[in-house]
2 protein chains.
Amino acid sequence: MTTLSPGGTAVGPRKVRRATMNDVARLAGVSIKTVSRVVNDEPGVHPSTAERVLAAIDQLGFRRNLSARNLRRGSSTGTIGLVLEDVGNPFYSGVTRAVEEIARLRGRQVISGSSDEDPGRERELALEFCSRRVDGLLIVPAGLQHSYLVPEMRAGTPVVFLDRPAGDVVADTVLVDNIGGTIEAVTHLAAHGHHRIAFLGDAPDIFTANERLRGYREGCVRAGIGYHEELVVMGPHDEHTVTSALRRLQHGREPATALVAGNNRITVHVLRALAGAAERPALVGFDDFELADLLSPPVTVIAHDASALGKAATDLLFARLDGDNSPPRRVVLPVRLVPRGSGEVRA
Amino acid sequence: MTTLSPGGTAVGPRKVRRATMNDVARLAGVSIKTVSRVVNDEPGVHPSTAERVLAAIDQLGFRRNLSARNLRRGSSTGTIGLVLEDVGNPFYSGVTRAVEEIARLRGRQVISGSSDEDPGRERELALEFCSRRVDGLLIVPAGLQHSYLVPEMRAGTPVVFLDRPAGDVVADTVLVDNIGGTIEAVTHLAAHGHHRIAFLGDAPDIFTANERLRGYREGCVRAGIGYHEELVVMGPHDEHTVTSALRRLQHGREPATALVAGNNRITVHVLRALAGAAERPALVGFDDFELADLLSPPVTVIAHDASALGKAATDLLFARLDGDNSPPRRVVLPVRLVPRGSGEVRA
DNA sequence: CCGCCTGGGGACAACGTTGTCATAGTGGCG
DNA sequence: CGCCACTATGACAACGTTGTCCCCAGGCGG
């Protein structure tokens with residue numbers, strides 16, 4: 001790491017008090033209310049007066065204090081709170097982007113935070129956002145207890161849950177079709193002749209992981225290949241656990257010839273574990289990911305759209321802000337199987 | 001998309017005025033100041049009084065209004081503004097994550113927005129954040145004009161530029177070693193016998209694109225293979241432009257046998273264009289990306305660390321908030337060549 | 001018994017803005 | 001010339017909180 005001293009227009013170290021409307025008013029020789037009128041484009045200000053005011057604003061570098069404004073107006077703070085699992089995860093950053101996009105169209109800023117799957121952290125973030133009087137809250141729930149939000153919701157802050165439902169509160173929720181997706185994955189593999197299909201899922205206390213497990217089971221039953229517990233490996237996964245799970249699944253008495261991976265992270269771990277392996281089981285991953293089509297073989301996935309998820313949730317939120325009082329809705333977004341090769345291997 | 005009506009504990013539609021300290025005080029039979037003392041853990045409140053107050057807070061679902069608090073206190077709003085190019089881009093979401101991490105340790109929330117490489121949008125976002133009186137600003141500059149920030153900086157809002165320097169303001173800046181990285185890429189390819197090495201870069205008005213071009217040029221000169229303008233293709237790129245550029249480069253009189261891609265997006269476009277091609281030029285990409293090691297051949301890259309970038313910038317920002325008055329610094333983070341296969345093809 | 005100190009608590013102003021209402025000037029019209 | 005309508009502007013309170021200062025009761029030493 002190198003440190004250089006740059007050249008150019010420097011900003012003096014002298015720290016100046018920030019100008020207020022009062023300062024502007026004094027400089028322009030008008031009352032503070034007139035400044036307010038100019039700043040807010042209210043009518044009834046003589047053009048020449050407005051010009052003087054604008055000049056003063058420019059000279060002082062005045063910028064109106066939104067804290068004060070929000071306090072006085074009491075209504076909207078122009079912010080949306082977004083609590084997700086991890087902004088660094090491409091899936092959630094896609095969601096974030098979509099949320100930001102729509103918020104922008106509606107003149108709102110997004111404040112976001114990562115819960116890291118920790119219910120306490122989620123709560124802390126959500127309540128912090130409420131203290132900031134966000135206009136609405138979008139939450140990817142980490143736990144199952146959300147009654148702490150009831151006072152906020154009663155006070156008029158709309159809340160939409162994303163990707164997973166809340167535990168003990170009824171509110172708008174946007175999900176993807178986890179069960180349908182995994183059923184389709186299993187059906188697809190079975191149609192290619194596999195009857196020993198394994199499932200690697202995330203920790204079963206995570207809603208989506210559990211749903212996908214249910215879909216897997218249902219898929220097995222429908223395909224007539226039966227549900228075999230020894231083919232399921234749940235739990236928080238890292239590269240190591242996935243590798244050893246795979247070894248076990250592939251080398252038992254009746255080895256698995258196909259695999260369903262429960263989310264994008266697990267899929268990547270599987271790919272890494274299988275890299276260079278002589279015999280590769282057929283694979284379908286839940287969640288699409290970039291470059292899946294460029295791997296060899298290309299990875300077949302159950303795809304769903306992060307930005308669609310973000311958009312649906314944000315639309316729902318703004319509908320509430322626009323006064324929609326209808327009962328809470330649960331929206332389930334479709335998924336689709338994208339066959340690319342890795343899932344079309346014949347048993 | 002399916003819509004269902006869920007079951008569970010519903011929150012009545014009755015919208016209640018949000019409780020204030022005044023309401024709490026009335027209910028607890030104390031003065032508002034005492035409530036304030038309890039909420040802020042100030043000493044001098046009898047335990048039994050505090051208990052009554054806490055009960056009232058709980059009953060009313062009171063949550064203190066941070067707008068009012070910030071207004072009154074005048075000091076910190078507990079927020080950091082982050083302006084980047086696109087939260088949806090994995091590189092920037094890595095940066096965001098690192099920023100959030102450190103901000104959290106220092107008790108700050110992050111407000112972020114995407115400029116989409118539009119200077120006007122960047123300015124709008126940054127000034128909006130200033131109106132919200134963020135404690136500091138982290139900016140991935142979109143343009144070259146940042147004098148609009150001078151009043152804010154004078155007023156004491158520290159600003160750190162990320163990934164690219166500001167145009168006309170001297171401020172803390174964190175960059176990566178773009179020039180050194182591309183020099184290394186070219187050197188690496190030349191060492192494997194290539195002397196027709198092409199460069200596909202982003203639009204040349206983007207600082208990093210221009211720097212990397214300079215590095216490429218310097219690398220060519222140092223390697224003794226000379227700089228040939230016809231081997232350089234700059235400009236905003238999509239899959240189509242990359243494909244046709246590649247066709248031209250590979251089928252001229254003296255075809256390029258190796259390629260440097262100017263950023264992660266371009267690298268992906270190149271990979272897609274080359275997918276299934278009979279003869280593949282050697283390739284080194286700037287920016288690392290997930291799964292680069294699992295492609296065939298694995299992609300050699302100039303790697304640098306998004307989270308290190310975010311961390312360095314945020315550390316710098318907090319140093320300023322802690323009172324560091326030293327002259328603005330420019331930090332250049334190292335990059336490293338990660339050989340994986342695609343760049344080690346012999347000419 | 002008096003003065004002083006201390007712990008607990010309250011009154012009030014102020015932060016920077018905006019909503020409400022009042023007021024001074026101006027020009028038109030009967 | 002007086003009245004009205006209208007335009008341009010200002011005075012003032014209020015938003016919800018916290019900092020400053022003040023007060024009261026009770027305990028304790030002299």
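Just so we're on the same page: letters track the sequence lines, and every chain starts at 1. Side chains are part of it too, since the values below use all heavy atoms of this structure and drop only hydrogens, waters and symmetry mates.
At the heavy-atom level, Val39(A) lies nowhere under 4.0 Å from the strands shown. Looking at heavy-atom distances under 4.0 Å, Arg64(B) makes contact with sugar-phosphate atoms alone, never a base. Across all strands shown, Asn70(A) has no heavy atoms under 4.0 Å from either base or sugar-phosphate atoms. If you check every strand for non-hydrogen atoms under 4.0 Å, Gly74(A) touches nothing. At the heavy-atom level, Thr49(A) lies under 4.0 Å from the strands shown only through sugar-phosphate atoms.
When the P atom of dG19(C) is taken as reference, atom CD1 of Ile32(A) falls 13 Å away, rounded to whole Å.
Side-chain to base pairing of Arg133(B) with dG16(C): no donor and acceptor N or O lie closer than 3.5 Å to each other.
Expressed to the nearest 0.5 Å, how far CE of Met153(B) lies from SG of Cys130(B) amounts to 10.5 Å. Distance CD/Glu122(A) to CD/Gln145(A): 10.5 Å, rounded to 0.5 Å.
When atom types are taken as modelled, the side chain of Asn65(B) and the backbone of Thr20(B) share no donor-acceptor pair closer than 3.5 angstrom.
With dG10(C), dG16(C), dA14(C) as the choices, the nucleotide that has an atom nearest any side-chain atom of Ser31(B) turns out to be dG10(C).
For the OP1/OP2 pair of dT18(C) and a distance below 4.0 Å, the side-chain nitrogens and oxygens of Arg69(A) include at least one atom meeting the criterion.
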